Amino acid sequence: MLTQREYAARRRDLMAQMVPNSIAIIAAAAEAVRSRDTHYRYKQATNLAYLCGFPEPEAVLVLMPGREQGEAVLFCRDKDPLRETWDGFRYGPSGAVQQFGMDDAFPIADLDEILPAMLEGKSRVYYAIGKQPEFDRQLLGYVQQLGDRQGRGALPPGEFVDLDHTLHEMRLIKTAAELRIMRKAATISAEAHCQAMLRCRPGLYEYQLQATIEHHFADCGAAAPAYTTIVGGGNNGCTLHYIDNRARLNDGDLVLIDAGCEYADYAADITRTFPVNGRFSREQAAIYDLVLAANNAAIKAVRVGQPFNVANDTTVAVITAGLVDLGILDGEVNELIERGAHRPFYMHSAGHWLGMDVHDVGDYKIQGEWREFEAGMVLTIEPGIYIAQSDTSVAAKWRGIAVRIEDNIIVKKRGVETITRAVPVERREIEKLMRTAQR
Ligand code: GLY
Ligand code: MN
Ligand code: MN
């Protein structure tokens with residue numbers, strides 16, 4: 001868990017990058033209706049969670065560097081004994097001050113009255129426009145009010161600047177405390193994959209492995225899966241975002257599981273692929289070892305100072321050469337790489353930033369050039385090969401084989417740390433683990 005000191009440091013860092021006489025406004029995520037009066041499990045907007053950890057909807061964080069009456073102000077729901085009986089505890093403004101380190105806090109119902117006055121005369125408003133349409137309208141309404149009253153001496157704010165750019169650069173580089181949490185999220189997730197390997201046998205349904213995985217997440221105190229768990233048996237593994245998870249797992253097929261938990265606001269994102277019956281066939285083994293070689297080579301290639309695309313380029317080179325060796329692609333390797341011949345079988349890229357969002361924030365390019373790795377960045381490495389059952393361009397023995405192997409790595413001053421290897425990745429290790437299960 002993060003300390004109040006860490007959140008305060010984040011706010012201080014952000015405010016230090018803001019121009020004088022400016023204001024930053026960060027709104028909580030809206031609740032989403034699932035069915036009539038019941039909601040999806042609430043997920044706080046990660047920008048707000050990053051800056052103060054406040055978990056409730058209907059909240060707005062306002063930062064005003066240098067303001068004498070207090071720089072960090074939270075608007076939030078008032079205490080309400082009746083609503084709290086139904087929906088649970090609310091911190092209320094006094095809780096926001098006492099437990100979230102705010103300098104001041106007001107009921108959200110007072111936003112209309114107080115926020116326009118805070119905006120008045122500011123040289124610059126930092127705000128991520130276009131992400132929360134309802135709040136966008138509310139905020140622009142306040143600005144318009146000030147504009148309408150300009151003749152009577154009101155002073156609308158000077159300019160709007162995207163907050164995300166500054167904030168996301170901060171979020172991209174993780175602190176030691178964040179890395180501790182991410183290791184924990186990764187370890188819980190890796191253990192869950194082990195549990196699925198131990199339970200798996202022909203005749204089970206995909207959703208039963210999903211249940212095993214998510215049971216472990218919940219059992220370890222993780223709030224939820226960081227994204228919808230993917231369990232794809234056989235050809236279902238070829239559907240990259242397969243979340244149906246209703247099919248039976250067949251003897252002789254592989255099963256691809258892409259699952260990670262969210263722990264203390266941070267995501268893990270792991271994929272393992274293993275044989276339903278515990279033994280890889282010759283063809284499955286060949287594809288598996290190729291994907292693993294690509295994964296390992298990409299992890300090795302990532303280090304401080306290398307450009308982001310080195311990981312992807314490495315996986316493409318390994319996979320293309322390997323597909324030629326297996327007779328699935330035909331031609332000269334460099335020429336095949338040049339024309340992207342791998343794409344029918346490896347149609348996504350090698351990874352993404354990881355953090356509070358599973359596809360985390362942070363630019364991949366700076367002024368059109370791939371950005372270089374820096375210590376404290378966290379990313380996934382996730383090459384795959386997917387040969388659809390329907391792909392008649394490939395010999396029948398390869399069809400219906402889908403393999404992705406996804407690990408999470410921390411870029412360190414020297415080299416990288418792979419934080420997801422509490423679940424085996426070597427073929428022999430997987431088979432060994434699966435053999436230990438009671439059958
Ligand atoms: N689970 C989504 C991804 O791997 O990017
Ligand atoms: Mn994934
Ligand atoms: Mn991923």
Side-chain angles (χ1 to χ4, degrees), residues 43 46 171-172 174 182-183 185-197 206-207 209-210 212-214 216-217 222-233 236-245 254-263 265-274 288 291-292 294-296 298-299 302 308-312 314-316 319 343 345-362 364 373 377-386 402-411 416-425:
K43 164 85 174 140
T46 44
R171 284 178 53 185
L172 180 55
K174 274 73 178 173
M182 293 193 73
R183 286 190 193 98
T187 301
I188 293 170
S189 305
E191 290 165 358
H193 280 264
C194 291
Q195 296 296 318
M197 287 175 184
E206 293 165 341
Y207 54 76
L209 294 187
Q210 177 180 2
T212 297
I213 293 259
E214 292 179 8
H216 189 73
F217 292 172
Y227 51 92
T228 307
T229 299
I230 295 168
V231 182
N236 291 337
C238 294
T239 303
L240 297 179
H241 290 165
Y242 176 81
I243 53 171
D244 194 44
N245 301 353
L254 294 174
V255 56
L256 181 158
I257 301 184
D258 186 342
C261 71
E262 185 175 295
Y263 184 82
D265 283 342
Y266 287 79
D269 182 6
I270 304 181
T271 308
R272 287 293 183 267
T273 308
F274 53 92
Y288 188 90
V291 176
L292 182 56
N295 172 301
N296 282 329
I299 291 175
V302 173
F308 180 81
N309 66 327
V310 74
N312 194 57
T314 302
T315 60
V316 168
I319 284 175
R343 284 204 195 100
F345 310 109
Y346 174 30
M347 57 295 277
H348 55 78
S349 64
H352 51 83
W353 305 132
L354 183 69
M356 299 183 87
D357 286 292
V358 61
H359 295 167
D360 205 30
V361 299
Y364 291 91
F373 289 115
M377 291 173 164
V378 182
L379 65 149
T380 69
I381 297 290
E382 51 177 305
I385 295 177
Y386 313 88
V403 175
R404 178 165 64 254
I405 302 172
E406 178 172 26
D407 284 298
N408 304 161
I409 64 174
I410 300 170
V411 182
V416 302
E417 176 185 343
T418 306
I419 58 176
T420 41
R421 291 283 173 96
V423 55
V425 72

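Counting starts at 1 for both ligands and their atoms, in listed order. Not measured: the values here are computed from a predicted model.
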task = Answer yes or no for His352: is there an N/O/S atom below the 2.8 Å cut-off from the Mn ion (ligand 3)?
result = yes
note = The answer for which part of Ile230 has a heavy atom under 4.0 Å from ligand 1 is neither
key: Asp265 bridged to Lys43 by N-O distance under 4.0 Å   = no
ask   = Going through the checks in order, is the side chain to side chain donor-acceptor pair (under 3.5 Å) test met by Gln210 and Glu214?
value = CA-CA 6 Å; Gln210 177 180 2; Glu214 292 179 8; 3.2 Å; yes
key: Flag if over 12 foreign heavy atoms under 6.0 Å of CD1, Ile243   = no
Check: His241 N/O within less than 3.5 Å of ligand 1 N/O = no
message = Give me the nearest non-hydrogen protein atom to atom 4 (O) of ligand 1 as residue plus atom name, then the distance to 0.1 Å.
response = Glu382 OE1, 3.0 Å
request  = Pick out which of Asn295, Thr314, Leu292 makes a side chain to side chain contact (heavy atoms under 4.5 Å, CB included) with Pro383.
outcome  = Asn295
ask   = With a cut-off of 2.8 Å, does Glu382 place any N/O/S atom under that distance from the Mn ion (ligand 2)?
value = no
task = Can you tell me, to 10 degrees, how wide the angle at the Mn ion (ligand 2) is between OD1 on Asp269 and OD1 on Asp258?
result = 90°
ask   = What are the atoms of ligand 1, with element, lying closer than 4.0 Å to any heavy atom of His359?
value = 2 (C), 3 (C), 5 (O)
ask   = Is there at least one pair of N or O atoms, one from His352 and one from ligand 1, spaced under 3.5 Å apart?
value = yes
inquiry  = Determine whether Thr46 and Asp357 satisfy the following criterion, side chain to side chain donor-acceptor pair (under 3.5 Å), listing intermediate values before the conclusion.
reply    = CA-CA 7 Å; Thr46 44; Asp357 286 292; 2.6 Å; yes
request  = Check each atom of ligand 1 against the heavy atoms of Glu406 and keep those under 4.0 Å away; list them by number with element.
outcome  = 4 (O)
query = Would you call the rings of Phe308 and Phe373 parallel, tilted or perpendicular, where under 30° means parallel and over 60° means perpendicular?
reply = tilted
message = Less than 6.0 angstrom separating the ring centers of Tyr227 and His241, yes or no?
response = no
message = If I consider every N, O or S atom in Glu406, which one ends up closest to the Mn ion (ligand 2)? I only need its name.
response = OE1
